[in-house]
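For ligands, and for the atoms within them, numbers begin at 1 and follow the listed sequence. For this chain, numbers begin at 1 and follow the sequence in order.
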Amino acid sequence: MVKDFIPLKIAGVGYSVPETVITNEDLKKLYETSDEWIYTRTGIKERRVVSGNETAIDLGLDAAKKAIDKSKIDVNDIDCIISAASAPPQLYPTLSCTLQDKLGIKSKIPAFDLTAACTGLIYALQVARGFIGTGIYKNILIVAADNNSKITDWTDRGTSILFGDGAGAMVVTASDDGVDDVLSLNISADGSIGQMIQTNMPSQCCPLVKQADEVGTGKIIMDGKEVYKFAVTTVPKYVAECISKSGLTAEEIDYLIPHQANQRIIESIQNRLKYTDDKVISNIKYYGNTSAASIPIALVEGVEQGKIKLPSTAVLCGFGAGMTWGAAVLRLREGIC
Ligand code: COA
């Protein structure tokens with residue numbers, strides 16, 4: 001750790017999901033499947049999707065407003081915005097620049113997107129930690145927002161059962177009491193196995209040259225079995241290592257708030273930590289996989305439903321396309337959501 005590293009405070013967290021619910025029964029209108037097949041393999045019963053003109057921008061804006069409100073920080077005191085989306089509705093202007101405008105922030109603060117798929121929130125937190133720790137920025141808004149339903153191949157029953165839309169936001173600031181809310185945080189990637197989850201954008205070459213043999217579809221293509229194997233072999237061990245660097249034991253940490261990709265993957269992490277069900281926050285049943293938004297949605301909803309008591313500590317973990325993965329042990333203060 002750098003000398004005089006400024007500690008980080010998590011000041012506010014918010015989330016937003018679209019109203020429209022698509023159940024497993026609904027999916028039977030698209031292809032041959034059953035609620036039983038989907039639920040037993042994934043733990044998912046339903047997911048939320050945007051409709052009409054609604055996009056991840058609307059969800060991100062709503063989540064950001066809620067997080068800012070909870071943080072008690074004036075929106076004009078935010079000095080950096082980092083957005084993490086797997087596939088934002090538009091490449092540019094970026095989600096973060098669009099949100100800067102929609103939040104009415106007039107000062108010319110930096111706003112940029114970071115792509116680490118479902119690990120985006122933890123990656124963004126690490127970047128924010130570097131900025132805050134070294135005194136470059138003081139109040140950072142992180143927004144994880146995705147409209148996966150727009151890039152899902154709705155004819156592929158192996159992937160379209162999994163994903164849902166949603167957004168989560170976090171305001172992190174320089175700690176005013178010297179207490180660091182990040183007890184440990186690690187992020188990793190392995191591009192050599194990146195083909196496990198791909199979204200290749202539709203593209204073209206200059207009409208004056210030879211065209212590429214294949215053009216992307218813009219849809220998610222996934223080797224579900226390989227992703228599953230990767231997740232259950234890599235993530236539980238990684239989470240345990242992150243905990244060992246935090247100075248706490250797994251037993252001393254109050255909650256596990258994992259990325260919501262598959263209930264069986266969540267259980268593999270739970271088993272590794274020997275946690276009872278009440279310590280594990282899972283809402284995949286109602287939202288499916290909302291990419292980087294899944295952790296803040298689970299956190300805030302967990303508090304709203306009384307499953308998470310504040311103040312407390314939690315271990316978070318994410319993994320996704322790239323392949324990327326990350327984990328963090330955090331202090332969760334009273335009033336953050
Ligand atoms: N309904 C009914 N049958 C289905 C189906 C569906 N929705 N999807 C696939 N099947 C069928 C397949 O066609 C296959 O049939 P076959 O044996 O006749 O060819 C059979 O079920 C098994 O398919 P398979 O893809 O091998 O299933 P699986 O046991 O690997 O489960 C996933 C598929 C997607 C549920 C599972 O691999 C998974 O959850 N992986 C992790 C994905 C993930 O988390 N990704 C995001 C990471 S951020």
Side-chain angles (χ1 to χ4, degrees), residues 22-47 49 56 84-87 114-124 144-149 151-166 168 187-191 193-199 219-236 238-239 257-270 282-285 287-298 316-327:
I22 302 290
T23 64
N24 291 346
E25 286 300 319
D26 293 329
L27 294 179
K28 286 162 71 175
K29 294 175 201 152
L30 298 178
Y31 38 68
E32 206 186 313
T33 189
S34 67
D35 175 56
E36 197 267 334
W37 195 98
I38 300 171
Y39 186 61
T40 52
R41 278 167 186 80
T42 68
I44 300 167
K45 281 268 180 196
E46 57 190 51
R47 69 287 294 142
V49 296
S86 303
L114 161 165
T115 308
C118 300
T119 325
L121 182 99
I122 295 177
Y123 265 66
D146 260 309
N147 41 219
N148 291 312
S149 62
I151 58 160
T152 295
D153 178 353
W154 288 101
T155 64
D156 177 2
R157 59 183 185 165
T159 56
S160 56
I161 55 169
L162 298 175
F163 296 97
D165 300 338
I187 49 175
S188 295
D190 183 356
I193 51 169
Q195 77 291 345
M196 283 183 194
I197 313 177
Q198 298 178 45
T199 298
K219 303 276 193 267
I220 302 169
I221 303 166
M222 186 183 68
D223 186 338
K225 261 201 188 346
E226 287 305 310
V227 173
Y228 185 87
K229 274 194 247 161
F230 156 80
V232 297
T233 51
T234 307
V235 182
Y238 195 77
V239 170
I257 311 176
H259 170 46
Q260 311 281 311
N262 179 310
Q263 182 60 28
R264 292 187 298 158
I265 297 174
I266 294 174
E267 283 163 13
S268 74
I269 308 165
Q270 172 175 3
S282 170
N283 62 4
I284 188 168
K285 189 171 176 183
Y287 300 112
N289 180 344
T290 54
S291 300
S294 83
I295 294 173
I297 295 174
L316 279 49
C317 61
F319 57 92
M323 300 300 285
T324 57
W325 61 103

From CA spacing to verdict: side chain to side chain contact (heavy atoms under 4.5 Å, CB included), Ile161, Thr42: CA-CA 9 Å; Ile161 55 169; Thr42 68; 4.2 Å; yes
For [atom], which protein heavy atom lies nearest, and how many Å away is it?
atom                    : result
atom 43 (C) of ligand 1 : Val227 CG1, 3.7 Å
atom 1 (N) of ligand 1  : Thr33 OG1, 2.6 Å
atom 11 (C) of ligand 1 : Arg157 NH2, 3.7 Å
atom 38 (C) of ligand 1 : Asn262 ND2, 3.7 Å
atom 42 (C) of ligand 1 : Met222 CE, 3.7 Å

Check whether any N or O atom of [X], backbone or side chain, sits under 3.5 Å from an N or O atom of ligand 1, and answer yes or no.
X      : answer
Lys225 : yes
Ser34  : no
Gly224 : yes
Tyr31  : no

Heavy atoms only, cut-off 4.0 Å: how does Arg264 contact ligand 1, side chain, backbone, both, or neither? neither
Logged contact type for Thr42 with ligand 1, heavy-atom cut-off 4.0 Å, is side chain
Check: of Trp325, Phe319, Trp37, min heavy-atom distance to atom 20 (C) of ligand 1 comes from Trp37
Residue that, paired with Glu267, satisfies side chain to side chain donor-acceptor pair (under 3.5 Å) out of Arg264, Gln270, Gln263: Gln263
Go through the steps for Thr290 and Asp146 under the test side chain to side chain contact (heavy atoms under 4.5 Å, CB included), then give the verdict. CA-CA 7 Å; Thr290 54; Asp146 260 309; over 6 Å; no
Heavy-atom side-chain contact between Asp190 and Phe230 under 4.5 Å: no
Distance (rounded to the nearest 0.5 Å) between [X] [atom1] and [Y] [atom2]:
X      : Y      : atom1 : atom2 : answer
Thr119 : Leu316 : OG1   : CG    : 12.0 Å
Asn24  : Ile44  : CG    : CD1   : 7.5 Å
Leu30  : Asp156 : CG    : CG    : 11.5 Å

Numbering as shown, the atoms of ligand 1 that approach [X] to under 4.0 Å (heavy-atom distance):
X      : value
Asn289 : 46 (C), 48 (S)
Cys118 : 48 (S)
Ile161 : 7 (N)
Ala261 : 44 (O)
Gly320 : 48 (S)
Gly158 : 8 (N), 34 (C)

Given Tyr123 and Thr324, is the side chain to side chain donor-acceptor pair (under 3.5 Å) satisfied, shown in steps? CA-CA 9 Å; Tyr123 265 66; Thr324 57; 5.3 Å; no
Heavy-atom protein contact below 4.0 Å for [atom]:
atom                    : value
atom 15 (O) of ligand 1 : no
atom 25 (O) of ligand 1 : no
atom 32 (C) of ligand 1 : no
atom 18 (O) of ligand 1 : no

Heavy atom of His259, distance to ligand 1 below 4.0 Å: yes
Scan side-chain atoms only and decide if Ser86 and Asn148 contain a donor-acceptor pair under the 3.5 Å cut-off. no
Any side-chain donor-acceptor pair under 3.5 Å between Asp153 and Thr155? yes
